[in-house]
Amino acid sequence: MDLFTIEPNDSSDSSVGVTRLNSMRVSVRTTPPEEVYAVEAEYAGVTIPLTRNEYNGTYYGTFDLTHIPYGPYTLKVTAYDRYGEASTVQRLVHRYAPPTMWVVSPRPYTPITRDTPIIARCVGAPPYSCLKFSVTVSSQFRKAETLNAVQSTIRGAMELTLPPLSPPLQSGEVLKIRLRSENPGGGVLSLPASYGTYAPAYYVEESPKLSVVQRAPGAIVDFDATRILFLDHYYQLGVVDRATELVTYIGELQLPNQNTRTEDYGALTPSGVVMQSWNGYLFAWANGVFSRTERRGWIDAVNGDSLLWMTPDEDRINLLTLTTDVDTTFHLRPGTTSPFQADIAASGDIYYSTHEEPSIRGPGELRLGNHPGYLQRPITDGTNVAGRWWNGAVCSSYLYTADGQEVFLGDSRQGDAAGLLVHAGYTAFLKSDGAANQVWVRTPAGDLHQLSDLPTPSRFDQQRLRIGHDGISDTGEVVFLNDGKRYIGRPGEDPEEISSELGHARWFDGGWYVTLGNTLFEVATGGGTTGDGAAAAEGMAGRPFMERWEEELELLLTAPLAADTAEPPAPDPSDPEAAPGTFEDFEAPLSGDLAGAGALGDPPPAAMGCSAGRSAAGQNEGSRGAAALASALVGLTLARRGRRRC
């Protein structure tokens, strides 16, 4: 009788079997087959007959392991010939529960400092303990560093506290933490797995100008005066009542995988929540009712309870009223090959553009501008409207005032579709000085001020569903990013550095705020600091709410059962968002806003609001890898259906 096989076998040792499921299939080939009368198998005191496969002559059968305790047992297979003579072979097979491995500290999505300990733990299922447990830490600034764990004081467990890393952690660093252990037969369990597994990122931020206002049980997607919208590491979407700290979970999204090139983004609305899933589904929660409709497409703009979304083929643009769930056709363009981009004013007026037309279209028959090249996303604050045209060499920005003036703002040479900010009569724009894009602002009175004078290109801190609105204050202060850092620019002053570029900054309720991971920070400006550094988990200034959730939260990384291993569908290769626009690994620079699943990163925080651009803002703001650099050199970024845009 030949050696038999079992399925699954998680062992690298051919003489030992390891199965981690609730059933075990046994297959055996007998020699010579014509003399075999019957074959049976015994495991853990249970004997089953094996059935002959007439096609290939093997015998097979399946054990139900549901009620068999974990541990090593001898699997014995016996073949009988027609005279009753028996032949037996046997093998040691472990019924094995993969260990539970998790990062004890830091908690998922919690910003940390260089002094925050990294503690990981592995606990085996009796009678097994963890074997050769190790932790690997890497980031965009460091190669993988692996340390082996030692036996814990907890029975059956191993624990590892990483010593200070070399080089030390630094602001702007996004950590990738990988856990690894061995099973009794020598097979390896590695989490997150090399494919199809999602895990949160760990952010390093030490700015003394950031103080904690509030935390959520997951990555913050949006916030307003009374609520926080978040997405946790199980991809559960929830809302926090900021006054009472009551958490309402409103639905579960599908986990992305490492091939995902699109991202999740969403917004709070007066009646609830809207959310765009990476796989193309739209979600809405209005007046306490959550629905995943059969709507497939992409949200382009939101303001109040009005939402513009486009079908997957982008031929139809619909206007959805969230409170009534009434969906009407706003714009039809069959067979189009260019992007649609829009902004919705608080009044409900819609301004939009396509590459096929030279003018911004507004309410009624309004047409603004008529310039050569591709027209980019228009932005409005309800009074003024601004837009950009790409002519193949530069992006030219124009402002249209309430009194009908067209004002040329300037040209920028590097590609950035989200290159305008409009708020309270102020307009911020990018303008090239011949070597790099600089940040400028125009006041309501028409005065122009250059806010940056840096050797490397600056860009705005933009975010989907708030493109053109977050980074400018009521008095014309402008937030921008440059060389991995975040600045506030003011007329007549040097830019003030406030943090790394991780997360997203927003002017709100008379002050500047930064969302990073699960934390909402307030910015101390004008020379003020928060004292102990922004991300010291227990010693932050401000008011760190919701600590009890963090104390209870542990990221459990366990090997999935067979029923859990189905992977979400890979994105359509023809979808332009599947093209490189987010980072693919941790060797390239990462952004706290666009940490995609391919880098085991954070669900990208988004914010409520005024405008969105699936194509315009899909680029990774922190990515300066080869693909992004090549794109910047020619002033282009990838757009839907391969169209170029600035």
Side-chain angles (χ1 to χ4, degrees), residues 8-13 16-21 70 94-108 112 116-166 169 173-202 233-234 255 257-258 554-562 564-565 567 584-587 590 595 597-602:
N9 184 13
D10 298 332
S11 174
S12 58
D13 184 348
V16 178
V18 175
T19 182
R20 56 182 170 82
L21 303 184
Y70 296 118
H94 295 266
R95 185 178 183 227
Y96 175 62
T100 297
M101 302 188 294
W102 75 100
V103 178
V104 178
S105 174
R107 301 301 192 187
I112 63 175
T116 303
I118 299 175
I119 303 172
R121 184 174 295 159
C122 178
V123 178
Y128 298 105
S129 299
C130 288
L131 300 177
K132 297 183 180 179
F133 178 52
S134 64
V135 179
T136 301
V137 178
S138 59
S139 77
Q140 76 274 34
F141 299 144
R142 68 184 66 246
K143 294 182 178 180
E145 300 179 35
T146 301
L147 293 175
N148 295 319
V150 297
Q151 200 67 35
S152 171
T153 56
I154 301 173
R155 184 177 179 183
M158 300 189 80
E159 188 169 272
L160 179 65
T161 300
L162 272 64
L165 299 177
S166 179
L169 297 176
E173 194 163 357
V174 182
L175 300 182
K176 168 186 173 182
I177 300 178
R178 183 174 294 276
L179 311 178
R180 177 187 173 101
S181 70
E182 292 189 5
N183 64 37
V188 173
L189 175 66
S190 182
L191 293 172
S194 58
Y195 179 83
T197 301
Y198 177 83
Y202 300 89
H233 63 279
Y234 297 115
L255 284 168
N257 61 37
Q258 288 194 13
E554 291 181 345
L555 174 59
L556 300 180
L557 297 177
T558 58
L561 299 179
D564 301 326
T565 56
E567 294 161 352
E584 297 185 14
D585 54 53
F586 272 74
E587 298 305 318
L590 311 184
L600 307 173
D602 184 15

> Which pair of non-hydrogen atoms, one from R95 and one from L21, has the smallest distance, and what is that distance?
Replying inline: NE-O, 3.8 Å
> With F133, which residues qualify under ring-ring contact (aromatic ring centres under 6.0 Å, His included), at least two apart?
Replying inline: none
>> On a heavy-atom basis, which atom in S181 and which in P99 lie closest, and how many Å separate them?
In response: OG-CG, 3.4 Å
> Do you know the tightest heavy-atom contact between Y70 and P126?
Replying inline: CB-O, 3.7 Å
> For the residue pair P98 and L189, what are the closest heavy atoms and their distance?
Replying inline: CB-CD2, 4.0 Å
> Just how far is it from atom NZ of K176 to atom CD of Q140, taken to the nearest 0.5 Å?
Replying inline: 12.5 Å
>> Using the rule given for side-chain contact (heavy atoms from CB on, under 4.5 Å), can you reason through I112 versus L169, listing the C-alpha separation, both sets of side-chain angles and the distance that settles it, and then say yes or no?
In response: CA-CA 9 Å; I112 63 175; L169 297 176; 4.2 Å; yes
>> Run the side chain to side chain contact (heavy atoms under 4.5 Å, CB included) test against S134 and tell me which residues pass, sequence neighbours left out.
In response: T146, N148, R180
> Can you name the residues that form a side-chain hydrogen bond (donor to acceptor under 3.5 Å, both in side chains) with T161, not counting sequence neighbours?
Replying inline: none
>> In the structure I gave you, are the side-chain heavy atoms of Y202 and V103 within less than 4.5 Å of one another anywhere?
In response: yes
>> List the residues meeting side chain to side chain contact (heavy atoms under 4.5 Å, CB included) with L162, not counting sequence neighbours, and say none if there are none.
In response: I118, V135, V137, L147, L160, L165
> Tell me the disulfide bond (SG atoms under 2.5 Å apart) pairs involving residues 117-156, sequence neighbours left out?
Replying inline: C122-C130
> In chain order, what residues pass the side-chain hydrogen bond (donor to acceptor under 3.5 Å, both in side chains) check against E145, with sequence neighbours excluded?
Replying inline: R142
>> Rounded to the nearest 0.5 Å, what separates atom CE in M158 from atom CG in L179?
In response: 13.0 Å
> Do Y128 and H94 have ring centres separated by under 6.0 Å?
Replying inline: yes
